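Keep in mind that the numbers below use all heavy atoms, side chains included, and drop hydrogens, waters and symmetry copies. Fair warning: this is a prediction, and the values are worked out from it, not measured in the lab. All residue numbers refer to positions in the sequence shown, counting from 1.
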Amino acid sequence: AVLTLAAPTPTVTPMLLPTSTPAPTAIPRSLPRATSTPEPVAELVPAAPTMVQVPINLKGADQIGSLELVLAYEPSLLEVIEVVTGDLAGDAIIESNVSTPGKVWIGMIDAVGVTGDGAVVVVSFRMTEGNLANSPLSLEEVSGYNALTLIDLLSSSSPGLVVMNDGSYVSPVVAFQ
């Protein structure tokens, strides 16, 4: 018997052959689209105050039995609403008159006498809208008398100011010597 061997079937083994690297291609992307226009954000600006309470201060008061003064202010910027007793005045009697625009007359009487430093009265003003100018506050015709001796007292005064855009102020002061 003759044995015939068949020729083996060749198998193909894949081989990696070097090739050139292909250049990357751009992949198209869609850009995000705005779905709506955002509403503008309003900045909250605090409203300017419409009222301000300004004390008239005494410095170095010693048994002040009576005090009279005129507070001058800019009537196109401020309107006097009321004048009330300050902490220093305690039980003193306070009177005021606002019949002349731009001026408020203030009088105080105390039988025992006011002694110390602090607010003798507090003047409430309504501030006009839209004005950014400041209103000076000046003290005029200041006179004071001692409660026990009735002798007139030497004093000097320093002006005050109301800042219209924010309602801050500097109090006018009567200083006794």
Side-chain angles (χ1 to χ4, degrees), residues 38-177:
E39 293 293 320
V41 177
E43 290 186 37
L44 295 177
V45 177
T50 57
M51 300 283 289
V52 63
Q53 296 178 325
V54 180
I56 297 177
N57 292 320
L58 300 184
K59 183 177 177 186
D62 185 21
Q63 298 179 328
I64 308 296
S66 67
L67 177 67
E68 184 177 3
L69 57 86
V70 174
L71 174 66
Y73 60 93
E74 179 51 56
S76 66
L77 302 176
L78 299 172
E79 175 189 358
V80 175
I81 302 302
E82 69 177 345
V83 178
V84 296
T85 304
D87 290 341
L88 183 63
D91 293 329
I93 297 171
I94 303 290
E95 291 290 329
S96 64
N97 184 313
V98 294
S99 61
T100 304
K103 295 185 184 275
V104 56
W105 172 87
I106 299 168
M108 179 210 74
I109 297 174
D110 189 299
V112 179
V114 172
T115 298
D117 298 333
V120 66
V121 296
V122 177
V123 181
S124 296
F125 292 100
R126 177 178 294 122
M127 301 167 64
T128 60
E129 293 183 34
N131 278 309
L132 297 179
N134 297 331
S135 178
L137 303 172
S138 60
L139 297 173
E140 303 171 351
E141 303 173 35
V142 178
S143 62
Y145 295 89
N146 183 283
L148 302 176
T149 65
L150 303 179
I151 295 175
D152 58 333
L153 301 169
L154 296 176
S155 66
S156 60
S157 64
S158 58
L161 177 75
V162 173
V163 179
M164 297 301 288
N165 65 346
D166 66 3
S168 61
Y169 61 85
V170 174
S171 294
V173 176
V174 177
F176 291 93
Q177 300 163 5

*For P159 and V170, work out which heavy atoms get closest and say how close.*
O-CG1, 4.4 Å

_Checking side chain to side chain contact (heavy atoms under 4.5 Å, CB included) between L88 and each of I64, L58, D117, which is the one that passes?_
L58

*Which atom names give the shortest non-hydrogen contact between Y145 and L150, and what distance separates them?*
CD2-O, 3.6 Å

*What are the two closest heavy atoms between M108 and A92, and how far apart are they?*
CG-CB, 3.7 Å

*asked:* To the closest 0.5 Å, what do you measure between OG (S66) and CG (D152)?
replied: 10.0 Å

*Answer yes or no: are there more than 12 heavy-atom neighbours, outside E79 itself, under 6.0 Å from its atom CD?*
yes

*Who pairs with A133 by side chain to side chain contact (heavy atoms under 4.5 Å, CB included), at least two apart in sequence or on another chain?*
L77

*asked:* Given L139, which partner from the list I56, V173, V70 fulfils the side chain to side chain contact (heavy atoms under 4.5 Å, CB included) test?
replied: I56

*Are E141 and E68 close enough, and set up right, to give a side chain to side chain contact (heavy atoms under 4.5 Å, CB included), and what steps lead you there?*
CA-CA 7 Å; E141 303 173 35; E68 184 177 3; 6.0 Å; no

*Can you check whether A119's main-chain N or O pairs, donor with acceptor, with N57's side chain at less than 3.5 Å?*
yes

*Got more than 12 heavy atoms from elsewhere within 6.0 Å of CD, E140?*
yes

_Derivation of the side chain to side chain contact (heavy atoms under 4.5 Å, CB included) call for N97 and E95_ = CA-CA 7 Å; N97 184 313; E95 291 290 329; over 6 Å; no

_Looking at S138, is its backbone amide N or carbonyl O close enough to the side chain of S157 to form a donor-acceptor pair, meaning the two atoms are under 3.5 Å apart?_
no

*Could you please spell out the steps behind the side chain to side chain contact (heavy atoms under 4.5 Å, CB included) verdict for V84 and I94?*
CA-CA 7 Å; V84 296; I94 303 290; over 6 Å; no

*Does V54 reach the side chain of L71, with side-chain heavy atoms less than 4.5 Å apart?*
no

*Quick one: NZ on K59 to OG on S155, what's the gap to the nearest 0.5 Å?*
13.5 Å

*Determine which pairs satisfy ring-ring contact (aromatic ring centres under 6.0 Å, His included) with at least one residue from residues 78-126, sequence neighbours left out, and list them in order.*
Y73-F125

*What residue among V163, L161, N134 forms side chain to side chain contact (heavy atoms under 4.5 Å, CB included) with S168?*
V163

*Over all atoms of both residues, closest heavy-atom pair of V52 and G167*: CG2-O, 3.3 Å

*Do I106 and V123 touch side chain to side chain, with heavy atoms closer than 4.5 Å?*
yes

*Do you know the tightest heavy-atom contact between D110 and A89?*
OD2-O, 3.8 Å

*asked:* Donor-acceptor check, side chain of S171 to backbone of P55, threshold 3.5 angstrom: yes or no?
replied: yes

*Considering non-hydrogen atoms only, spot the tightest contact between L67 and L69 and give its length.*
CD2-CD2, 4.1 Å

*Does any pair with a residue in residues 80-90 pass side-chain hydrogen bond (donor to acceptor under 3.5 Å, both in side chains), and if so which ones, sequence neighbours excluded?*
none

*asked:* Please check: side-chain N/O of T115 versus main-chain N/O of Q63, any donor-acceptor pairing under 3.5 Å?
replied: yes

*Please indicate whether I81 has more than 12 foreign heavy atoms, meaning atoms of other residues, nucleotides or ligands, lying under 6.0 Å from its CD1.*
yes

